[in-house]
Every structure is written in structure tokens, then in C-alpha cells.
Amino acid sequence: MSVPFYVSPEQLMKDKADYARKGIARGRAVVVVAFADGIVFASENASRALHKISEIYDRVAFAAVGKYNEFENLRVAGVRYADVRGYSYDRSDVTARGLANAYAQTLGAIFTTESKPYEVEIVVAEVGRTPETDQIYRLTYDGSVADEHGFVAMGGSAEQIGARLAERWRAGLSLGEALTLAVEALGSDAAAEAAGSGPRPIAADHLEVAVLDRTRDRRTFRRLTAPTLSALLGGPVPAGE
């Protein structure tokens, strides 16, 4: 008679966590940086269709790294949550904090009960009326929530990128300064560190960038196109744009 195979709960949770972290580390990083007029999201992503950064509601946005199909399911669920809550109560009742709590419950339940955890890490951000009221929440694969201030780096080489942001971020940055810092941080990944040649350049058409702009009425989310990025980063504007 075969003996049932036993794995302690501690070992099972550790194995799940290691599995999820390895999957997340394989993805390109995403950085989120607060600036004077809002919050900017940036990632190295050449795809025009498979977005890592998306709008959730009027003043709330979502960014993710990891497995696309998994974080896309979370994005869609977040949009549905926001629509139902905004319709049932009031548009102002849709907040990043409420959405982060809902995501935390979902991710925590999946991590605990399912055999395979979600290989995702996400940020939910809300732009306030003033910089002091901005909210940025980072959620990991097991449902843990962190209230971040100023900037966030997640995904592959997050430690190196986060260190770059910590060195140079300050309150009151302009959009151009925040975007320049975000792109330099993305270029300061493990590959650049190993080469020892400073941040590697990233072309504007290989960037996915969006902004929550507090100066806009109602819907604050907007994507920045390659010509706009080139202008903000001080590079040449592509011909014909």
C-alpha cells in the first residue's frame, strides 16, 4: 500500500511564493512615479495591443507585471467593480483603496486555495486633488498590500530600478522630469548593471506610458504617444508625426 505524500503547510506556501516570484521576475518592469500634476506609469513594452497599464475609472489606473492573461482577468474584474459601485452609489465612491482591498481578497484566496498562484504584481493608483492626497497601492501575488509614496518599481530587476528611483525622486517633479527619471530607471536594470555602462537607452516607440493628470476634469487618464514622449524626453520627434 502506498503512503500518502505529505507536505507541510509552511513548505507548500513557500513553494507557491517562490514559483510566483520567479514568474514575475521574468517580465519587463513597470515603474510608477508621482509628479506635481499627477502620476505617471511607464514600462518597456513594444506591443501596441497588449497593455500593462490601463484606466479603471475616472481617477484610478492599474498597472501590472507577470502573466498577461492573469492580470488581464484582474483588470477586467476591477473595471466591473468600479462600474457597479459608481452606478449603485456615486462616482466618488470608486477609490483606489476600495479596489486594492477587493484585489487583495481575490489574490489572497487564489494563493491559499488554488494549486497554482497568480504570477502577477499590480499597482492601483488614484490621483487626488492635491499631491498629498494621491494614493498608490502595490499588491503582490499573495494578496499583500503596501501603501507606497512617491514611486514604485515592480517586475524584473525591481531592486536595481527601485534603487535608482530612490536616489533621484523628489516631490514636485514636472512631467518631463518624472518621465525622464522613469525611463532612466527602467534602463538601469540587471543587464545595464552587469555591463557597467550606465542606464541603457530605450526608444520612445518601445515605451508604454500613461498619466493620471489631475489638471483634467473627470477622466484623468491619458496615454502618451511616441511623438509626445520624444518631445518630453528631449529627443527627435519621428518624421511625419
For the residue pair Y137 and Q135, confirm or rule out a side-chain donor-acceptor distance under 3.5 Å.
yes
> Can Y141 and F111 be said to form a ring pair (Phe, Tyr, Trp, His ring centres under 6.0 Å), step by step?
Replying inline: CA-CA 7 Å; Y141 51 85; F111 183 79; 5.8 Å; yes
Point to revise | Note: E119-R26 ion pair, threshold 4.0 Å (strictly below) | key: yes
For this session: Identify whether the distance between the nearest side-chain nitrogen and carboxylate oxygen of E126 and R97 falls below 4.0 Å.
Result: no
dist R28:CZ -> S157:OG (nearest 0.5 Å) comes out at 9.0 Å
Sequence neighbours excluded, the answer for salt bridge (Lys or Arg N to Asp or Glu O under 4.0 Å) partners of D134 is R214
Does the distance from a Lys or Arg side-chain N to an Asp or Glu carboxylate O, for R21 and D18, drop under 4.0 Å? yes
* Asked: In terms of side-chain geometry, is the basic nitrogen of K52 or E72 positioned less than 4.0 Å from the acidic oxygen of its partner?
  -> no
| task | Measure the shortest side-chain to side-chain distance between Y81 and L99 over non-hydrogen atoms and say whether it is less than 4.5 angstrom. | result | yes
Between L74 and Y103 the two heavy atoms that sit nearest each other are O-OH, 2.6 Å
All heavy atoms of N45 vs all of E208, minimum pair found to be ND2-OE1, 2.8 Å
Looking only at heavy atoms, the pair that brings K16 and E114 closest together is NZ-O, 2.6 Å
ask   = In terms of side-chain geometry, is the basic nitrogen of E55 or R222 positioned less than 4.0 Å from the acidic oxygen of its partner?
value = no
Salt-bridge criterion met for K116 and E70 (N-O under 4.0 Å): yes
Would you kindly say whether D15 and Q11 are connected by a side-chain donor-acceptor distance under 3.5 Å? yes
Across all chains, not counting sequence neighbours, the ring-ring contact (aromatic ring centres under 6.0 Å, His included) partners of Y19 are none
